[in-house]
Amino acid sequence: MTFRMDERIVESCHLCNLKVRIQPDKVASARCPKCKGPLGDPKIDEPCPGCKAVNRVLRSRLAAAKCGKCKEKLIPEGPLPRDLVLAEAYGLIGAVYADPLLSRRMGRPGDLVAAVDWAEELPGSIAELAATMNLGDDRDRIAALGARAKALPGKLRPYVFEDPSLVLEEAQLQAFMLGDAFEVLRHHPLGWRFLKQVRSGETGSAAAKSELAPSAEIFERLLNRFHKTDWNDMAADKARRTEVATALFHELSRVCESWLPRPYKLPAMVKTALARLEEQPWAAPVLETQREAVVEDVQGFLALITALIARGVVVHELGGNAAAVWPGLITPLKSALLATA
């Protein structure tokens with residue numbers, strides 16, 4: 001089928017704000033020529049995997065849509081396809097900037113990295129705006145956009161940094177056993193911030209210290225799990241928190257030191273770290289009740305530190321091997337981590 005030029009339609013890229021003329025039959029598959037993301041937010045026909053009824057759904061809402069007939073989810077549980085995650089993100093950006101109340105409050109993200117930070121900030125901005133509004137349809141509408149934004153960063157992060165060579169070249173990643181570490185970093189909310197810093201391309205000791213910064217936030221998350229503040233006895237509680245922080249740093253640094261002579265895979269490091277923590281009276285009860293959360297942050301911490309050590313050898317030239325780099329990192333690392341106590 002052919003179309004005359006005047007029959008083409010204009011679709012916008014919600015990330016770049018670029019307007020593109022496309023043929024009507026290409027609307028569901030058209031890509032932005034600048035960022036390669038999905039254009040517009042067209043309705044598409046999606047058959048239900050259960051009852052086979054065909055549903056017409058906005059592409060950006062497909063991930064959460066249910067069949068109009070049998071009420072089952074149109075997209076089965078599990079990891080979402082990359083294109084669907086991007087469509088959801090772009091659709092939310094478009095909805096925000098189509099809203100006169102929100103478009104004045106939020107700067108448009110320039111790329112997917114900025115879009116993750118934008119989606120993290122959006123619920124708070126919406127909550128501030130909603131507090132000034134009367135009950136009604138307008139408030140409900142923007143609250144719904146805030147609810148959509150809450151889950152988006154976790155979905156979007158893994159698709160922003162997909163190339164492990166961002167950290168090190170493939171041969172170097174293998175030499176330092178960092179394949180699993182990269183996967184953890186691109187999913188973890190604070191490990192992801194390490195990758196943001198790596199993306200700057202800066203080298204040297206100052207850059208290494210900048211890349212070190214997110215480790216303090218991960219450490220503080222762990223420390224907050226293992227130590228709950230006693231507001232009734234602040235003086236003694238401060239001493240207790242420092243004691244737990246020092247012990248936690250000791251256990252994690254010992255695991256890092258075991259990696260130095262001959263790097264080994266992250267899952268084995270995590271297993272060793274958990275075994276050491278289970279022996280500590282302040283950690284064992286928390287591991288019983290919050291094991292999954294503790295594992296996530298232990299993985300993130302060890303992945304970040306080992307990646308930084310490897311980059312200290314290859315990129316920042318802080319030493320000829322991992323063991324030589326470690327002494328120059330452990331002092332600022334300890335200072336940054338124990339400052340959270």
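This structure is a prediction, so every number in the text was calculated from the model and none was measured.
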Report summary line: Residues passing the side-chain hydrogen bond (donor to acceptor under 3.5 Å, both in side chains) test with Glu128, sequence neighbours excluded, are Arg105
Requested in this report: Inspect the surroundings of CD in Glu162 and state if more than 12 heavy atoms from other residues, nucleotides or ligands are less than 6.0 Å away.
Outcome: yes
Query raised in the report: At what distance, to the nearest 0.5 angstrom, does OG of Ser215 lie from CG of Leu308?
Result: 7.5 Å
**Report entry** Any donor-acceptor pair under 3.5 Å from Asn321 side chain to Gly319 backbone
**Finding:** no
Report task. Would you mind checking if Glu11 and Arg21 are paired as a salt bridge, meaning a charged N to carboxylate O distance below 4.0 Å? Result -> no
Query raised in the report: Run the side-chain contact (heavy atoms from CB on, under 4.5 Å) check on Lys43 and Val57 step by step: do they pass?
Result: CA-CA 5 Å; Lys43 287 188 176 182; Val57 186; over 6 Å; no
Query raised in the report: Does one hydrophobic cluster hold both Leu277 and Val286, with members joined at side-chain heavy-atom distances below 4.5 Å?
Result: yes
Query raised in the report: If Ile, Leu, Val, Met, Phe, Trp and Tyr residues are connected whenever their side-chain heavy atoms lie under 4.5 Å apart, and connections chain through other members, are Tyr90 and Leu18 in the same group?
Result: no
Requested in this report: Apply side-chain contact (heavy atoms from CB on, under 4.5 Å) to Val160 and Trp192, showing your working.
Outcome: CA-CA 9 Å; Val160 175; Trp192 188 85; 4.0 Å; yes
Report task. Rounded to the nearest 0.5 Å, what's the gap from SG on Cys256 to CG on Leu333? Could you check? Result -> 7.5 Å
Report summary line: Across all chains, not counting sequence neighbours, the side-chain hydrogen bond (donor to acceptor under 3.5 Å, both in side chains) partners of Arg262 are none
Report summary line: Applying ring pair (Phe, Tyr, Trp, His ring centres under 6.0 Å) to Phe226 and not counting sequence neighbours gives Trp282
Query - Under-4.0 Å salt bridge between Arg193 and Glu120 - result: yes
Requested in this report: Following the transitive rule for hydrophobic clusters with a side-chain heavy-atom cut-off under 4.5 Å over Ile, Leu, Val, Met, Phe, Trp and Tyr, establish whether Ile93 and Leu122 coincide in one cluster.
Outcome: yes
Query raised in the report: What closest approach, in Å, do Pro327 and Ala324 show between heavy atoms, and which atom pair accounts for it?
Result: CD-O, 3.4 Å
**Report entry** Salt bridge present between Arg240 and Glu243 (N-O < 4.0 angstrom)
**Finding:** yes
Requested in this report: Check for a donor-acceptor pair, side chain of Ser200 on one end and backbone N or O of Gln197 on the other, with a separation under 3.5 Å.
Outcome: yes
Query raised in the report: Should Val85 and Ile44 be counted in the same cluster of Ile, Leu, Val, Met, Phe, Trp and Tyr side chains packed under 4.5 Å apart?
Result: yes
Requested in this report: Verify, without hydrogens or angle tests, whether Thr246 (side chain) and Thr242 (backbone) share a donor-acceptor contact under 3.5 angstrom.
Outcome: yes
Report summary line: Across all chains, not counting sequence neighbours, the salt bridge (Lys or Arg N to Asp or Glu O under 4.0 Å) partners of Lys19 are none
Query - Nearest heavy atoms of Ser258 and Pro261, plus distance in Å - result: O-CD, 3.6 Å
Query raised in the report: Is the CD atom of Glu317 crowded by more than 12 outside heavy atoms at less than 6.0 Å?
Result: no
Requested in this report: Kindly compute the distance separating CG (Leu266) from CG (Leu178), expressed to the nearest 0.5 Å.
Outcome: 8.5 Å
Query raised in the report: Looking at Glu77 and Lys73, does any basic side-chain N land under 4.0 Å from a carboxylate oxygen?
Result: yes
Report task. Keeping the roles fixed (side chain from Asp45, backbone from Val54), state whether a donor-acceptor pair exists under 3.5 Å. Result -> no
Query raised in the report: Would you find a donor on one side and an acceptor on the other, under 3.5 Å apart, between the side chain of His188 and the backbone of Leu190?
Result: yes
Report task. Could you list all the salt bridge (charged side-chain N to carboxylate O under 4.0 Å, His left out) pairs where at least one residue sits in residues 194-210, not counting sequence neighbours? Result -> Asp111-Arg199, Asp117-Lys196
Report summary line: Residues passing the side-chain hydrogen bond (donor to acceptor under 3.5 Å, both in side chains) test with Trp118, sequence neighbours excluded, are Tyr97
Query raised in the report: Between Leu129 and Leu102, what is the shortest heavy-atom contact and its length?
Result: CD2-CD2, 3.7 Å
Requested in this report: Would you name the heavy atoms of Asp297 and Ile218 that are closest together and state the gap between them?
Outcome: O-CG2, 3.3 Å
Query raised in the report: To the nearest 0.5 Å, what is the distance between CZ (Arg61) and CG (Leu92)?
Result: 9.0 Å
Query raised in the report: Going through the distances and angles, do Ile309 and Trp259 end up as a side-chain contact (heavy atoms from CB on, under 4.5 Å)?
Result: CA-CA 10 Å; Ile309 293 170; Trp259 178 90; 3.7 Å; yes
Query raised in the report: Does Thr306 use its side chain to pair, donor to acceptor, with the backbone of Leu302 at less than 3.5 Å?
Result: yes
Query raised in the report: Got a sec, which residues hit side-chain hydrogen bond (donor to acceptor under 3.5 Å, both in side chains) with Glu169, two or more places apart in sequence or on another chain?
Result: none
Query raised in the report: If you take all heavy atoms of Leu156 and Ala115, which pair is closest and at what distance?
Result: CD2-CB, 4.1 Å
Query raised in the report: Which pairs pass side chain to side chain donor-acceptor pair (under 3.5 Å) with one or both residues in residues 26-35, sequence neighbours excluded?
Result: Arg31-Asp83
Query raised in the report: Are Leu260 and Val325 connected in a single hydrophobic cluster, I mean Ile/Leu/Val/Met/Phe/Trp/Tyr linked by side-chain heavy atoms less than 4.5 Å apart?
Result: yes
**Report entry** Aromatic ring pairing Phe219/Phe249, orientation class (parallel under 30°, perpendicular over 60°, tilted between)
**Finding:** perpendicular
Query raised in the report: If you look only at pairs with a residue in residues 328-341, which of them pass as a salt bridge (charged side-chain N to carboxylate O under 4.0 Å, His left out), with sequence neighbours excluded?
Result: none
Query raised in the report: Picking from Val27, Asp41, Leu86, what satisfies side chain to side chain contact (heavy atoms under 4.5 Å, CB included) with Arg59?
Result: Asp41
Requested in this report: Could you list all the salt bridge (charged side-chain N to carboxylate O under 4.0 Å, His left out) pairs where at least one residue sits in residues 171-183, not counting sequence neighbours?
Outcome: Glu183-Arg186
Query - Intermediate values then yes/no, side-chain contact (heavy atoms from CB on, under 4.5 Å), Ile330 and Glu257 - result: CA-CA 10 Å; Ile330 190 170; Glu257 288 167 0; 4.0 Å; yes
Query - Nearest-0.5 Å distance that lies between atom CZ in Arg108 and atom CG in Leu15 - result: 8.0 Å
Report summary line: For Val198, the side chain to side chain contact (heavy atoms under 4.5 Å, CB included) test, sequence neighbours excluded, returns Leu166, Phe194, Glu211, Arg311
Requested in this report: Using the test salt bridge (Lys or Arg N to Asp or Glu O under 4.0 Å), find all partners of Glu72 that sit at least two apart in sequence or belong to another chain.
Outcome: none
Query - Closest non-hydrogen atom pair, Pro189 against Glu296 - result: CD-OE2, 4.1 Å
